[in-house]
Amino acid sequence: MVKRGADRVRAQQALDRRLADFGLRPIFPGGAHIPKSEHPAMKKRYQELQRFIDELRTAAGDADTPDPRCRLALLIRFPLFSEQEIDLIFRYPYPRRGATADAAMAVLARRFNTKPDTLGRYLFPR
């Protein structure tokens with residue numbers, strides 16, 4: 001059935017709420033998208049996170065997975081990250097340049113409770 005007008009709006013809102021209950025829609029002001037006014041701040045945050053992850057990976061050395069003592073030292077030195085985010089960062093290969101971008105995107109997506117592809121669409125519109 002095709003709904004129009006107010007019926008369609010109510011049905012769409014009900015669907016949005018249902019999807020949000022399952023975590024299938026990003027949680028941003030405005031619901032399903034990042035408002036254009038927030039794009040510059042998101043890009044800035046993403047670039048800061050990239051630099052920060054580079055610094056963290058440099059401090060960890062060449063190891064793909066830091067030993068538990070090194071991990072604890074990283075958590076103390078970089079208190080911005082949680083244990084889960086440290087795991088997420090070290091899942092990506094390094095020192096390739098793209099790995100830092102992927103890790104930064106994964107951390108941002110986790111913090112904003114959305115998919116990396118969704119964030120990428122707003123951070124880097126085509």
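With rounding to the nearest 0.5 Å, the separation of CZ in R110 from CD in Q84 is 5.0 Å. Rounded to the nearest 0.5 angstrom, L74 CG and R57 CZ are separated by 10.0 Å. Between the CD atom of E48 and the CZ atom of R45 there is a distance of 8.5 Å, given to the nearest 0.5 Å.
Take F81 and apply the ring pair (Phe, Tyr, Trp, His ring centres under 6.0 Å) test, not counting sequence neighbours, and it matches F52. Remark: R77 engages E55 in a salt bridge (charged side-chain N to carboxylate O under 4.0 Å, His left out) (not counting sequence neighbours). Looking at residues two or more places apart in sequence or on another chain, you find a side chain to side chain donor-acceptor pair (under 3.5 Å) between R10 and D7. In this structure, the side-chain contact (heavy atoms from CB on, under 4.5 Å) partners of L75, at least two apart in sequence or on a different chain, are E83, I86.
Checked against L49 for a side-chain contact (heavy atoms from CB on, under 4.5 Å), the options I89, L108, D54, T100 give a single hit: L108.
Criterion: ILVMFWY side-chain heavy atoms under 4.5 Å apart, direct or through other members. Under it, L72 and L88 are not part of a common hydrophobic cluster.
Nearest heavy-atom pair across E85 and L80 is OE1-O, 3.9 Å.
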